[in-house]
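Worksheet for the structure shown next.
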Amino acid sequence: MTTGADGRGLAGFAALLADPTRAGFCLALLDGRAWTAGELARAAGVAASTASDHLTRLVAGGLLAEERQGRHRYIRLADPGVAQLVEELAARAPTPATPPRTLRAASEGAALAYARTCYDHLAGRLGVLLHDALLTRGVLDRSGGLALTGTGVTWLAGLGVPVEPLRATRRPLVRDCLDWTERRPHLAGAVGAALCGRFLDLGWTVRGTGRAIRVTPAGRDALAETLGLDPALLAPPASRGSGPARA
DNA sequence: GTCGCCAGCCACACCGCATA
DNA sequence: TATGCGGTGTGGCTGGCGAC
């Protein structure tokens with residue numbers, strides 16, 4: 001990430017994202033995984049040489065990081081700050097005028113709006129519901145800025161997420177991250193990432209296609225019991241019969 | 001309207017690595 | 001060692017945009 005940039009530097013940095021192909025790469029990489037250059041090229045629908053050129057620019061600009069293993073070039077977002085930047089820019093972007101053209105595209109959009117990963121934490125309807133429930137239950141408090149409470153430390157320990165190792169990292173423990181589908185904050189930071197991983201470990205959630213996350217029946221029961229979340233709100237989009245707030 | 005510049009894209013050739 | 005595959009670099013084409 002670049003700090004203290006002058007106008008020219010800021011314009012150059014913004015120009016990195018002002019291209020549909022490069023922006024598409026960054027959105028794809030929000031799933032937190034490392035992609036090969038070829039995978040990103042196919043996902044964006046451009047030639048490998050085109051993708052290679054764009055990726056070189058994004059890496060040089062500090063938005064992406066690369067790791068070469070043999071003949072593969074693995075690409076990921078440079079850091080969680082980049083993920084937050086991309087997610088918030090997406091949240092402020094105008095809604096596309098054209099609705100999804102195919103049933104598959106509509107289903108994928110609905111799945112992402114329902115629950116997905118935002119780099120390494122939960123986003124979408126699930127992420128926002130979780131964020132709100134944690135505030136209601138006193139796990140989080142925002143009277144002086146978003147913070148983890150003593151009750152929250154105990155609750156996390158009960159869930160199998162010790163907080164002390166998280167404090168040792170340089171990341172903020174808890175942080176708001178503006179959700180681009182719900183237009184409301186979901187939980188990011190070290191605790192957000194730890195909860196996302198713990199839910200997967202416990203089998204409360206499973207990874208779907210791409211960035212999509214699904215809540216399992218056991219997960220719905222557990223989230224209802226531990227956080228008071230309404231299981232009806234956690235039902236997958238198909239069974240609720242309503243489309244996404246935004247495709 | 002024309003010209004020049006720039007950015008994005010692709011086809012192609014080439015290189016390096018993994019595998020049979 | 002030969003072959004196939006993933007990734008890179010280069011050259012050319014195209015479209016957008018500003019200057020004249």
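Each chain gets a letter, A, B and so on, in the order its sequence line appears, and its residues count up from 1.
Atom-to-atom, CG of A:D19 to P of B:dC6 comes out at 18 Å; the value is rounded to the nearest Å.
Aromatic ring pairs are classed by plane angle as parallel below 30°, tilted from 30° to 60° and perpendicular above 60°; the pair A:H121 and A:H186 is tilted.
Panel note: side chain A:D179, backbone A:G124; a donor-acceptor pair is recorded below 3.5 Å. Checked by atom type and distance alone, the side chain of A:T36 never pairs as donor or acceptor with a backbone atom of A:R73 at under 3.5 Å. A:T169 contributes no side-chain N or O that, together with a main-chain N or O of A:P165, makes up a donor-acceptor pair within less than 3.5 Å. Not a single donor-acceptor pair under 3.5 Å links the side chain of A:T205 to the backbone N or O of A:V215.
Between B:dG8 and A:R57, a contact under 4.0 Å exists linking OP1 or OP2 to a side-chain N or O. For A:H54 and B:dC9, the shortest distance from a side-chain N or O to OP1 or OP2 is below 4.0 Å.
Using a 4.0 Å heavy-atom cutoff across all strands shown, A:D53 reaches no nucleic acid atom at all.
The two atoms that bring A:Q84 and A:C177 nearest to each other are CG-SG, 4.3 Å, heavy atoms only.
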Heavy-atom contacts, protein to nucleotides 3-12 of chain C, under 4.0 Å, summarised as B (base), S (sugar-phosphate only) or - (none) per nt, yield -BBSSBB---
